[in-house]
K.L.:
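The structure that follows is given in the form of structure tokens.
Convention: sequence-line order gives letters A, B, ...; per-chain numbering from 1.
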Protein chains: 2
Amino acid sequence: MSQDGVDLDKSLAYLLKEASSALRAAMEEVLRPLGMNVTHYACLELLAQRPGLSNSELARGAFVTRQTMNVLLQALEREGDVTRPAEAPVGKVLPTRLTPRGRRRLEKASAAVRSVEVRMLSGLTEPEQAAAFQILQSMIHSLRG
Amino acid sequence: MSQDGVDLDKSLAYLLKEASSALRAAMEEVLRPLGMNVTHYACLELLAQRPGLSNSELARGAFVTRQTMNVLLQALEREGDVTRPAEAPVGKVLPTRLTPRGRRRLEKASAAVRSVEVRMLSGLTEPEQAAAFQILQSMIHSLRG
DNA sequence: AACGCTATGTCAGAATACTGACATGAGTCA
DNA sequence: TGACTCATGTCAGTATTCTGACATAGCGTT
């Protein structure tokens, strides 16, 4: 392998992508035995934190298009993990909610994902984690400004 | 919009994904006028830093499969940005190199990407950037251990 | 009221990346 | 030398996501 101290001049942008990629891979790995993928999980997690979210809001929260989220929601509805009203209570927005079954599946997935996150942070002290939090938020804010 | 202080309990994992997503979007935006995408750019940048990289190595470095990188390399070769020997000098590995044209295209792209990176880091002090570097590397290391 | 503007849900088609599989070459070890 | 393992390049097919487009609903302004 041609690995001759090449990671010395890595940019922060590359490192960010690398970390994100490693995180996603680790999450997919632990979610696969549960029959879920990352987008799957993100959707359920968002619904647990904010019940009644619309398709478009879920899409933005899970970093996919609303078309993609729509097919996922249809599958989740078919499996009985979420429910959506047949008709929109107001406007066109169909508020989605977790079913008890969905909540149970999410619990297992959350535990698995949490273990990954713990592993990711295992080499960092508490203040370092707090620093990471602020640094990432600053990056996000600057990129969107 | 239902934005009621919801980003307070965001996990570091989510923040990492969010930052990575924002970075990618910003990069795609500045690369599009140059007729390139992120994978495109990553490939050329890798070749500039390490001439002679193989298709598989480029794929790993750009976080895609080697099949995907292969079609990209064929396109880049067709456009005259890179060159690959017709036959493998040793084994099956086809070492790829930038052409002068590819190097020129990369220069413009590098400048654009660098401006994005500068913007991303604009809210951080120098020590904070150093901290970010070490934190991300720790995360990557822990996730792969 | 009427007009723009924005956002939503949805349909269809296109683009893109991935999984699976194969033959081949290099390196290792008995 | 021969068997074994691993990595590479490549082919074909599948899956997934995205882009484009449409009708419609809420909101604000005129």
Side-chain angles (χ1 to χ4, degrees), chain A residues 1-3 17 20-21 24-25 27-29 31-32 35-43 46-47 50 52-79 82-97, chain B residues 1-3 17 20-22 24-25 27-29 31-33 35-43 46-47 50 52-79 82-97:
Chain A
M1 190 68 70
S2 44
Q3 283 277 43
K17 170 66 180 171
S20 178
S21 174
R24 168 168 281 259
M27 286 179 65
E28 298 279 8
E29 192 176 344
L31 288 174
R32 192 170 308 121
M36 297 177 58
N37 61 31
V38 172
T39 308
H40 212 107
Y41 161 76
C43 178
L46 285 165
L47 285 174
R50 300 204 248 158
L53 240 44
S54 74
N55 176 36
S56 288
E57 291 171 317
L58 287 169
R60 280 192 292 271
F63 307 102
V64 294
T65 62
R66 58 188 198 272
Q67 293 89 333
T68 299
M69 180 55 72
N70 196 27
V71 309
L72 173 59
L73 280 182
Q74 287 172 7
L76 286 175
E77 199 172 11
R78 207 178 314 123
E79 297 169 13
V82 305
T83 52
R84 282 194 293 181
E87 297 214 348
V90 52
K92 308 180 70 176
V93 174
L94 294 175
T96 309
R97 292 182 180 280
Chain B
M1 189 68 69
S2 43
Q3 282 276 44
K17 171 65 180 172
S20 178
S21 175
R24 166 169 282 259
M27 286 178 65
E28 298 280 8
E29 192 175 344
L31 288 175
R32 191 171 309 119
M36 298 178 57
N37 62 31
V38 172
T39 307
H40 213 106
Y41 161 74
C43 178
L46 284 165
L47 285 174
R50 301 203 246 158
L53 240 44
S54 74
N55 175 37
S56 289
E57 290 170 318
L58 287 169
R60 279 192 294 270
F63 307 102
V64 294
T65 62
R66 59 190 198 269
Q67 292 89 335
T68 298
M69 180 54 70
N70 196 29
V71 309
L72 172 59
L73 279 183
Q74 287 171 8
L76 286 175
E77 199 173 10
R78 208 177 315 121
E79 298 169 13
V82 305
T83 52
R84 283 194 293 182
E87 297 215 346
V90 52
K92 308 181 67 176
V93 175
L94 295 175
T96 309
R97 292 181 180 280

K.L.:
At under 4.0 Å between heavy atoms, how does the protein contact nucleotides 24-29 of chain C? Give one character per nucleotide, 5' to 3', with B, S or -.
P.N.:
BSS---
K.L.:
Take the protein atom CD of Gln67(A) and the nucleotide atom P of dA15(C), then report the distance between them rounded to whole Å.
P.N.:
16 Å
K.L.:
Using atom CE of Met69(A) as one end and atom P of dA7(C) as the other, report the distance to the nearest whole Å.
P.N.:
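For the pair Met69(A) CE and dA7(C) P, the rounded distance is 18 Å.
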K.L.:
Does Thr68(A) place a side-chain N or O at less than 4.0 Å from the phosphate oxygens OP1/OP2 of dC18(D)?
P.N.:
yes
K.L.:
For the residue pair Glu57(A) and Met69(A), establish whether any side-chain heavy-atom pair is separated by less than 4.5 Å.
P.N.:
no
K.L.:
Could you check how far CZ of Arg66(B) sits from P of dC11(D), rounded to whole Å?
P.N.:
13 Å
K.L.:
Where each residue is assigned the nucleotide of DNA chain D containing its nearest heavy atom, which of Asn70(B) and Thr65(A) is assigned the position nearer the 5′ end?
P.N.:
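Checking each residue's closest nucleotide, the 5'-ward one belongs to Asn70(B).
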K.L.:
Quick check: do Met27(A) and Met36(A) have side-chain heavy atoms less than 4.5 Å from each other?
P.N.:
no
K.L.:
Can you tell me how far P of dT10(C) sits from CG of Asn55(A), to the nearest Å?
P.N.:
7 Å
K.L.:
Between Leu94(A) (CG) and dG26(D) (P), how many Å, whole number?
P.N.:
13 Å
K.L.:
If only side-chain N and O atoms of Arg60(A) are considered, is one of them under 4.0 Å from the OP1 or OP2 phosphate oxygen of dT8(C)?
P.N.:
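Affirmative; the distance criterion is met.
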K.L.:
Need to verify one output field. Residue with the more 5' nearest nucleotide on DNA chain D, Arg84(B) or Asn37(A)?
P.N.:
Arg84(B)
K.L.:
Can you find a pair of side-chain heavy atoms, one from Glu77(B) and one from Leu73(B), that are under 4.5 Å apart?
P.N.:
no
K.L.:
Working to the nearest 0.5 angstrom, can you tell me the gap between Thr68(A) OG1 and Leu58(A) CG?
P.N.:
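These two atoms lie 13.0 Å from each other.
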K.L.:
Given Leu47(A) and Arg97(A), is the side chain to side chain contact (heavy atoms under 4.5 Å, CB included) satisfied, shown in steps?
P.N.:
CA-CA 6 Å; Leu47(A) 285 174; Arg97(A) 292 182 180 280; over 6 Å; no
K.L.:
Between Asn55(A) (side chain only) and Arg66(A) (backbone N and O only), is there a donor and an acceptor less than 3.5 Å apart?
P.N.:
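Indeed, once roles are kept as given, a pair shorter than 3.5 Å links the two residues.
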K.L.:
Calculate, to the nearest 0.5 Å, the distance between atoms CG and SG belonging to Leu72(A) and Cys43(A) respectively.
P.N.:
5.0 Å
K.L.:
Which one, dC18(D), dA21(D), dC18(C), comes nearest to the side chain of Val64(B)?
P.N.:
dC18(C)
K.L.:
Find the distance between CG (Leu31(B)) and OG1 (Thr39(B)) and round it off to the nearest 0.5 Å.
P.N.:
10.0 Å
K.L.:
Expressed as a whole number of angstroms, how long is the span from Leu72(B):CG to dA17(C):C1'?
P.N.:
12 Å
K.L.:
Can you tell me how far P of dT16(C) sits from CZ of Arg24(B), to the nearest Å?
P.N.:
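Atom-to-atom, Arg24(B) to dT16(C), this comes out as 13 Å.
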K.L.:
Give the intermediate values and the outcome of salt bridge (Lys or Arg N to Asp or Glu O under 4.0 Å) for residues Arg24(A) and Glu28(A).
P.N.:
CA-CA 6 Å; Arg24(A) 168 168 281 259; Glu28(A) 298 279 8; 3.3 Å; yes
K.L.:
Specify the separation, in whole Å, of atom CG of Leu58(B) and atom C1' of dT8(D).
P.N.:
13 Å
K.L.:
Find the runs of at least 3 consecutive base pairs, i with j, i+1 with j-1 and so on, that include DNA chain C, using Watson-Crick or G-U wobble geometry with both distances under 3.5 Å.
P.N.:
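Stem list for DNA chain C: C:1-30 with D:1-30.
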